[in-house]
Amino acid sequence: RKDDAETTEFIQQGFAIPKDVIVQDEASILVVDAQGRRWRLPRASATFDAATTLGQLRICREVATERDLFSSHGTFYELPAENADGFAKIRPIASHDFKIHDYASCRGLLVMSGIDLAAPAGAHIIKSDDGQAALWVGAIDDLWKLGKPIGEGGPWRNTPVTEGEISDPYLIGYYDQRALMLSHDSDASVTFTMEIDPTGHGPWIKYQEFEVKAGEIIHYDFPAEFEARWVRFGVDRACKATSWLTYD
């Protein structure tokens with residue numbers, strides 16, 4: 001235990017978790033990068049929504065030289081530096097259901113807070129003498145052991161769109177068992193055009209068109225050999241559209 005009011009104030013002011021770093025909406029998680037580019041990411045779990053809104057969970061921090069760790073709604077991502085194209089090349093590492101409060105690097109190790117105080121001290125968990133603080137300490141690469149990346153969401157969910165409108169890019173790379181659901185509220189058929197970006201820096205390539213009749217819901221399972229980093233959609237008719245992807 002430490003009683004140091006000056007250091008406590010310095011930490012609270014200088015290392016506070018920022019709020020409003022990302023946008024949460026009905027469809028997915030929206031990130032706008034330093035270049036003004038829009039990117040959408042899936043949720044592994046919506047249970048993180050409230051804590052994220054309140055600024056209780058760290059979203060991004062550099063944990064190694066030009067190697068940021070991005071955390072959003074139950075998934076850790078490896079985020080390259082801006083000079084390596086940043087979010088365009090983001091890669092999911094693992095998904096989990098732990099309420100990890102904060103994380104940082106220290107002497108080559110990864111340190112995370114949010115540990116249940118009832119957890120016993122051990123090889124990875126260190127606790128204060130009074131038992132009121134606990135941290136997990138390990139290697140950055142230990143994160144790959146948390147569990148494979150999963151999630152769901154999409155660029156559109158009951159979203160008003162116009163004819164020819166193109167959605168934000170939505171992450172699809174590095175996930176498996178991927179499935180798509182398309183629907184709309186129009187009283188006529190709507191053709192959804194799906195485009196993919198294999199690399200993150202273009203070009204966009206037309207992958208497939210889906211004709212969705214009035215009142216119909218289309219389901220599509222991606223083949224195992226499908227490869228792309230980002231996906232986006234367009235429609236040929238104004239409507240409220242849903243393009244929903246599930247990664248199991």
Notebook entry, point to check: Under 4.0 Å between a Lys/Arg side-chain N and an Asp/Glu carboxylate O for R232 and E195?
Noted result: yes
Note to self: So Y207 and V231, do their side chains get closer than 4.5 Å, heavy atoms only?
What the structure shows: no
Note to self: Tell me whether D141 at atom CG has more than 12 heavy atoms from other residues, nucleotides or ligands lying less than 6.0 Å away.
What the structure shows: yes
Notebook entry, point to check: Do the charged groups of R178 and D221 touch, with an N to O distance under 4.0 Å?
Noted result: no
Item checked: Salt bridge D102-R58, side-chain N to carboxylate O under 4.0 Å -> yes
Note to self: My understanding is that only residues two or more places apart in sequence, or in another chain, count here; which of them pass ring-ring contact (aromatic ring centres under 6.0 Å, His included) with H124?
What the structure shows: W136
Checklist line | Polar side-chain atom of Y170 near backbone of G153 as donor-acceptor pair, under 3.5 Å | finding: yes
Notebook entry, point to check: Hey, what do you get for CG (D97) to OG (S45), rounding to the nearest 0.5 Å?
Noted result: 7.5 Å
Item checked: Reported SG-to-CD distance for the pair C239 and E165, which is rounded to 0.5 angstrom -> 9.5 Å
Checklist line | Nearest heavy-atom neighbours spanning A44 and T75 | finding: CB-OG1, 3.4 Å
Item checked: Interatomic distance, D68 atom CG to R61 atom CZ [nearest 0.5 angstrom] -> 10.5 Å
Next item on the list: Decide yes or no for F192 and H184: does some side-chain heavy atom of the first lie under 4.5 Å from some side-chain heavy atom of the second?
Entry: yes
Next item on the list: Could you tell me whether a side-chain N or O of W244 sits under 3.5 Å from a main-chain N or O of E152, the two making a donor and an acceptor?
Entry: no
Next item on the list: Answer yes or no: is there a side-chain heavy-atom contact under 4.5 Å between S72 and Y77?
Entry: yes
Check: Would you call K2 and D130 a salt bridge, using N to O less than 4.0 angstrom?
Finding: no
Notebook entry, point to check: For the residue pair E163 and D236, what are the closest heavy atoms and their distance?
Noted result: CG-O, 3.4 Å
Next item on the list: Could you tell me whether the side chain of Q12 and the main chain of E9 form a donor-acceptor pair under 3.5 Å?
Entry: no
Note to self: Quick check on F10: does its CZ atom have over 12 non-hydrogen neighbours (other residues, nucleotides or ligands) under 6.0 Å away?
What the structure shows: no
Margin query: Do F233 and F226 land in one hydrophobic cluster if side-chain heavy atoms of ILVMFWY residues count as linked below 4.5 Å?
Written below: yes
Item checked: Any donor-acceptor pair under 3.5 Å from S28 side chain to P42 backbone -> no
Next item on the list: Return yes if a side-chain donor-acceptor contact under 3.5 Å exists between R157 and T242, otherwise no.
Entry: no
Notebook entry, point to check: What is the minimum heavy-atom distance between E211 and E216, and which atoms define it?
Noted result: O-OE1, 4.0 Å
Notebook entry, point to check: Using 4.0 Å as the upper bound for N to carboxylate O, is an ion pair formed by D33 and R38?
Noted result: no
Notebook entry, point to check: Looking at side-chain heavy atoms only, is the closest gap between L143 and L69 below 4.5 Å?
Noted result: yes
Notebook entry, point to check: Run the side chain to side chain contact (heavy atoms under 4.5 Å, CB included) check on D176 and K148 step by step: do they pass?
Noted result: CA-CA 9 Å; D176 63 3; K148 76 171 187 176; 2.9 Å; yes
Next item on the list: Only counting residues at least two apart or in another chain, list the ones meeting side chain to side chain contact (heavy atoms under 4.5 Å, CB included) with A188.
Entry: S186, R237
Notebook entry, point to check: Side-chain heavy atoms under 4.5 angstrom apart, residues restricted to Ile, Leu, Val, Met, Phe, Trp, Tyr: same cluster for M181 and F222?
Noted result: no
Checklist line | Note, I22 side chain near I59 side chain (heavy atom, < 4.5 Å) | finding: yes
Checklist line | Linked, directly or transitively: V21 and L41 (ILVMFWY side chains, under 4.5 Å) | finding: yes
Notebook entry, point to check: Does some side-chain heavy atom of K89 sit less than 4.5 Å from a side-chain heavy atom of E78?
Noted result: no
Note to self: Test of understanding: clusters of I, L, V, M, F, W, Y form through side-chain heavy atoms closer than 4.5 Å, transitively. Do F48 and F70 belong to the same one?
What the structure shows: no
Next item on the list: Would you check if R43 and D49 make a side-chain contact, meaning some heavy-atom pair closer than 4.5 Å?
Entry: yes
Notebook entry, point to check: Are more than 12 heavy atoms from other residues, nucleotides or ligands located less than 6.0 Å from atom CZ of F98?
Noted result: no
Check: Are the side chain of D168 and the backbone of P155 linked by a donor-acceptor contact shorter than 3.5 Å?
Finding: no
Notebook entry, point to check: If we only count heavy atoms from C-beta on, is the I205 to P198 side-chain gap below 4.5 Å?
Noted result: yes
Next item on the list: Could you tell me which non-hydrogen atom of I125 sits nearest to which non-hydrogen atom of I115, and how far apart they are?
Entry: CD1-CG2, 4.1 Å
Margin query: With a 4.0 Å cut-off on N to O distance, would you call R37 and D85 a salt bridge?
Written below: yes
Check: Less than 6.0 Å separating the ring centroids of W230 and W204?
Finding: no
Check: So does D25 pair up with R40, basic N to acidic O under 4.0 Å?
Finding: yes
Note to self: Would the distance check show the side chain of S95 and the main-chain N or O of I150 forming a donor-acceptor pair, the cut-off being under 3.5 Å?
What the structure shows: yes
Check: Where do I17 and Q56 land on the side chain to side chain contact (heavy atoms under 4.5 Å, CB included) test, with the steps shown first?
Finding: CA-CA 7 Å; I17 296 175; Q56 296 176 346; 6.0 Å; no
Notebook entry, point to check: For the side chain of S105 and the backbone of G108, is there at least one donor-acceptor N/O pair under 3.5 Å apart?
Noted result: no
Margin query: For a quick test of reading the model, state the closest non-hydrogen atom pair linking R229 to I90 and the distance between them.
Written below: NH1-O, 3.7 Å
Check: Is there a donor-acceptor pair under 3.5 Å between the side chain of K127 and the backbone N or O of A119?
Finding: yes
Next item on the list: Would you confirm whether K206, through its side chain, and I196, through its main-chain N or O, come within 3.5 Å as a donor-acceptor pair?
Entry: no
Next item on the list: State plainly whether one hydrophobic cluster holds both I218 and L245, where clusters connect Ile, Leu, Val, Met, Phe, Trp and Tyr through side-chain heavy atoms under 4.5 angstrom apart.
Entry: yes
Notebook entry, point to check: Is there a side chain to side chain donor-acceptor pair (under 3.5 Å) between Q24 and H73 once you walk through the steps?
Noted result: CA-CA 10 Å; Q24 307 168 105; H73 294 75; 2.5 Å; yes
Notebook entry, point to check: To the nearest 0.5 Å, what is the distance between NE2 (H219) and OG (S183)?
Noted result: 8.5 Å
Notebook entry, point to check: Quick one: CG on L57 to OG1 on T53, what's the gap to the nearest 0.5 Å?
Noted result: 9.5 Å
Next item on the list: Provide the closest heavy-atom pair for A241 versus W156 in the form atom of the first, atom of the second, distance.
Entry: O-CB, 3.4 Å
Margin query: For the aromatic rings, using the six-membered ring if either is Trp, is the centroid distance between Y103 and F76 under 6.0 Å?
Written below: yes
Checklist line | Between CD on residue E62 and CG on residue L79, distance to nearest 0.5 Å | finding: 10.0 Å
